[in-house]
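Naming: A, B, ... by sequence-line order, numbering from 1 per chain.
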Amino acid sequence: MSENSKSNQIESIDATEAATSAAESTSTRPSVAPPVDIYENAEGYLVFADLPGVEGDAIDVRYEEGELSLSARRDLAAEGDPVAAEFRAVDFRRVFKIPEDVDAAAIDAEFENGVLQLRLPKAKAIQPRKINVRASA
Amino acid sequence: MFSYIRDPYDPLQAFGLFRRRMDHLFRELDDVVGTRTQPREVWPRVNLADTKDAFILQAEIPGLGVEDIDLSVTAESLTLRGERKEKAPEGYSVHRQERRGLRFSRSVALPARVDVERVSAEVRNGLLVVTLPKHPEDRPRSITIKTN
């Protein structure tokens, strides 16, 4: 792998470390990293994250100084006595370092069927520009 | 886990050791190359609760809608089938792909009989919730104990 492509990698920052910040230290809810897909083209990045059982208003997406952080709170209706439990109420958390500048104001988020979809357009300055060549008549 | 007792006089022991080493090697190999095609975790993960009158099953099915799920119920079991397709957007390069596409079929044995006709299900925010009312004969009855 060339050095150039390496510097363009999106780094995942240890979510458990990030989640044990002061604000979360009193919480007994476990923090888990949701599975994520990240795609890129010349215009921007596309991020998908599986957040089953989360309400749309319990999702927090932040982009600051090249870091994209996702957090979401999942509360589960606790009806009856558990017979078998393979998942539980958790805080989903994931932080990524995005190598290129993103136009923070233009980030778009959508939540459907428990999947969060983020569009992060690259800052105009780094987007390839197509220059129209005028033909002189 | 089983524990293996070493018998220095057992000539077949070497084969057992060889087999365990090979199993270990295949598991390692699976970790490296097999993660996409062979999900090692169960999918979807489910929770089952008992509310005395009904069982409530929840399953994590992110990305799937009602039309992608095939749910069938008998008096004593429930089966979920479906497929989650990998939808890589066109014209993009991939940085990471952790949300795998898969076909799944999962059966859950119910601890008591349910009333199949009255089972209901809904999908909300990637969570399937199935309510399975218990068969009238299988509902717990509280018995008054008479004293003399």
Decide side-chain contact (heavy atoms from CB on, under 4.5 Å) for Gln58(B) and Phe87(A); before the verdict, give the C-alpha distance in whole Å, the side-chain angles of both, and the deciding distance to 0.1 Å.
CA-CA 9 Å; Gln58(B) 293 181 315; Phe87(A) 63 96; 3.8 Å; yes
Considering all heavy atoms of both residues, which atom of Glu86(A) and which atom of Arg45(B) are nearest to each other, and what is their separation?
OE1-CA, 3.2 Å
Would you call Arg84(B) and Asp50(A) a salt bridge, using N to O less than 4.0 angstrom?
yes
Which bit of Ala49(A) is near chain B, if near means a heavy-atom gap under 4.5 Å: side chain, backbone, both or neither?
backbone
In terms of heavy-atom pairs under 4.5 Å with chain B, the winner among Ala85(A), Gly80(A), Pro52(A) is Pro52(A)
Which residue in the set Gln97(B), His95(B), Glu98(B) passes side-chain contact (heavy atoms from CB on, under 4.5 Å) when paired with Ile38(A)?
His95(B)
Treating Ile, Leu, Val, Met, Phe, Trp and Tyr as nodes and any side-chain heavy-atom pair under 4.5 angstrom as an edge, say whether Val114(B) and Leu71(B) lie in one connected cluster.
yes
Under 4.5 Å from any heavy atom of chain A, what part of Leu64(B) do you find: side chain, backbone, both or neither?
backbone
Should Leu57(B) and Trp43(B) be counted in the same cluster of Ile, Leu, Val, Met, Phe, Trp and Tyr side chains packed under 4.5 Å apart?
yes
Looking at Gly126(B), Ala59(B), Ser93(B), Gly91(B), which one has more heavy-atom pairs under 4.5 Å with chain A than the rest?
Ser93(B)
Nearest heavy atoms of Leu46(A) and Pro89(B), plus distance in Å:
CD1-CG, 3.6 Å
Step by step, work out the side-chain contact (heavy atoms from CB on, under 4.5 Å) result for Arg99(B) and Val36(A).
CA-CA 6 Å; Arg99(B) 304 165 58 251; Val36(A) 162; 5.6 Å; no
In this structure, CD1 of Ile61(B) is separated from CG of Asn113(A) (nearest 0.5 Å) by 7.5 Å
Do Val129(B) and Phe111(A) sit in one hydrophobic cluster, given that two such residues count as connected whenever their side-chain heavy atoms are within less than 4.5 Å of each other, even indirectly?
no
Starting from Phe55(B), can I reach Leu76(A) by hopping between I/L/V/M/F/W/Y residues whose side chains sit under 4.5 Å apart?
no
Distance, nearest 0.5 Å, that separates CG of Asn125(B) from CD1 of Ile59(A):
8.0 Å
Side chain, backbone, both or neither: which part of Ala54(B) has a heavy atom under 4.5 Å from chain A?
neither
Salt bridge check, Arg74(A) against Glu60(B): does any charged N sit closer than 4.0 Å to a carboxylate O?
yes
Can you tell me if Glu11(A) has over 12 outside heavy atoms packed within less than 6.0 Å of its CD?
no
Using a cut-off of under 4.5 Å on heavy-atom pairs, state which of Asp37(A), Val83(A), Asn41(A) scores highest against chain B.
Asp37(A)
Greater than 12 external heavy atoms within 6.0 Å of Glu67(B)'s CD:
yes
Is atom CZ of Arg139(B) surrounded by more than 12 heavy atoms (other residues, nucleotides or ligands) closer than 6.0 Å?
yes
Most chain A-contacting option - heavy-atom pairs closer than 4.5 Å, from Gly65(B), Pro44(B), Pro111(B), Gly63(B)
Gly63(B)
Report whether Tyr63(A) and Phe96(A) are members of the same hydrophobic cluster (ILVMFWY, side-chain heavy atoms less than 4.5 Å apart, transitive linking).
yes
Should we count CZ of Arg88(A) as having more than 12 external heavy atoms under 6.0 Å?
no
Would you say Ile143(B) has more than 12 foreign heavy atoms packed within less than 6.0 Å of its CD1?
yes
Check each atom of Leu51(A) against the heavy atoms of chain B and say whether the ones under 4.5 Å are side chain, backbone, both or neither.
backbone
So, taking the atom named CG in Asn47(B) and the one named CD in Glu79(A), what distance separates them when rounded to the nearest 0.5 Å?
13.0 Å
Hey, can you tell me if Tyr92(B) and Tyr39(A) have their rings parallel, tilted or perpendicular (30° and 60° cut-offs)?
perpendicular
Which atoms of Phe48(A) are under 4.5 Å from chain B, going by heavy atoms: the side chain, the backbone, both sets, or neither?
both
Under 4.5 Å from any heavy atom of chain B - which part of Glu43(A):
neither
